[in-house]
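Only one structure is covered here, and it is reproduced in the block below.
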Amino acid sequence: MRRSALVALAVLAGWNSPTLAQEVRYVNRDGITYRETVERVKKPVSETTYQTYNETVYKERYTTEVQESQRTYLAPVTEYQWEAYTPVTLNIFAPPRVAYRWVPRTRWETRSETVRTPVTRRDLVPEERTVSRPQTALRMVEEERITRIAIADPPSGQPAANVASRQVIGGVSNLQNDPPRSGTSFAPGGLRR
């Protein structure tokens with residue numbers, strides 16, 4: 001559309017004389033002679049039409065998938081065992097003895113597990129659609145302009161009805177009830193000179 005607008009401006013800018021032909025003729029209507037000037041002029045006319053196109057448009061599509069992966073981690077393992085110990089007593093004369101107690105023992109083991117992680121993927125999917133776009137075309141049209149100027153009054157013997165109904169196109173007509181074309185001046189005392 002911008003290209004056709006630029007072409008139109010270039011055509012209009014380079015157009016120096018829009019008048020193609022000029023013809024002068026004299027026509028007599030109702031007893032009045034007119035000078036008719038017929039000019040043939042070319043003028044630009046823009047026409048807009050809509051054309052349909054098929055175009056490919058890419059749309060976003062998001063898909064979420066669950067991916068499984070293996071993970072290794074350290075886990076504490078606690079076991080209870082019997083442990084022998086010598087109890088402390090305040091009696092220094094008591095014989096030493098052995099006692100047993102239940103004691104937890106913690107160790108770390110390596111374990112693996114399956115982890116399910118959602119992953120979102122973005123895809124561009126092509127889609128065909130029909131679009132109508134305006135197309136502007138510039139063409140030159142020949143136009144005829146007619147200018148009429150009355151150059152002769154009707155003869156004096158023509159009836160007054162025709163004269164009264166005529167339409168004056170251009171020129172100057174003198175009517176008897178015209179207002180005066182020159183001003184009058186008054187003296188300072190209000191008297192006419």
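Values in this document were obtained by computation on a predicted structure and should not be read as measured data. Note that the numbering runs from 1 along the sequence shown for the chain. Every heavy atom of this structure was used, including side-chain atoms; hydrogens, water molecules and symmetry mates were not.
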When clusters are formed by joining ILVMFWY residues with side-chain heavy atoms under 4.5 Å apart, either directly or through shared neighbours, do Leu138 and Val141 land in the same one? no
Let me confirm one number: the [atom1]-[atom2] distance from [X] to [Y], rounded to the nearest 0.5 Å.
X: Arg35; Y: Ile149; atom1: CZ; atom2: CD1; result: 5.0 Å
X: Glu55; Y: Glu127; atom1: CD; atom2: CD; result: 10.5 Å
X: Arg71; Y: Arg111; atom1: CZ; atom2: CZ; result: 12.5 Å
X: Arg129; Y: Asn54; atom1: CZ; atom2: CG; result: 11.5 Å
X: Arg133; Y: Tyr53; atom1: CZ; atom2: OH; result: 7.5 Å
X: Asp123; Y: Arg121; atom1: CG; atom2: CZ; result: 4.5 Å

On a heavy-atom basis, which atom in Thr86 and which in Arg97 lie closest, and how many Å separate them? CG2-O, 3.5 Å
So which atom in Thr33 and which in Asn28 form the shortest heavy-atom distance, rounded to 0.1 Å?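 What the structure gives for the nearest pair is N-OD1, 4.2 Å.
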Hey, is [atom1] on [X] packed in by over 12 heavy atoms from elsewhere, all under 6.0 Å?
X: Tyr50; atom1: OH; answer: no
X: Tyr85; atom1: OH; answer: yes
X: Tyr80; atom1: OH; answer: no

Do [X] and [Y] sit within salt-bridge range, that is, some charged N less than 4.0 Å from a carboxylate O?
X: Glu83; Y: Arg101; answer: yes
X: Glu143; Y: Arg145; answer: yes
X: Arg116; Y: Glu68; answer: yes

Indicate whether the side chain of Thr72 and that of Ser112 have a donor and an acceptor atom separated by less than 3.5 Å. no
Glu47 versus Thr136, side-chain donor and acceptor atoms under 3.5 Å: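 There is no such pair (donor and acceptor under 3.5 Å, judged by atom type) between the side chains of Thr136 and Glu47.
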Should Leu74 and Thr110 be marked as a side chain to side chain contact (heavy atoms under 4.5 Å, CB included) after you check the CA-CA gap, both sets of side-chain angles, and the distance that decides it? CA-CA 5 Å; Leu74 292 172; Thr110 303; 3.4 Å; yes
Salt bridge (charged side-chain N to carboxylate O under 4.0 Å, His left out) evaluation trace for Arg40 with Glu144: CA-CA 5 Å; Arg40 287 182 184 81; Glu144 192 174 87; 3.5 Å; yes
Within-4.5 Å side-chain heavy-atom neighbours: Thr114 and Gln70: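 SC-SC contact between Thr114 and Gln70 confirmed.
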Would you say that Arg107 contacts Val77 through its side chain, given a criterion of any heavy-atom pair below 4.5 Å between the two side chains?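 Touching, per the 4.5 Å side-chain cut-off.
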Using the rule given for side chain to side chain contact (heavy atoms under 4.5 Å, CB included), can you reason through Trp102 versus Trp82, listing the C-alpha separation, both sets of side-chain angles and the distance that settles it, and then say yes or no? CA-CA 5 Å; Trp102 194 246; Trp82 287 104; 3.0 Å; yes
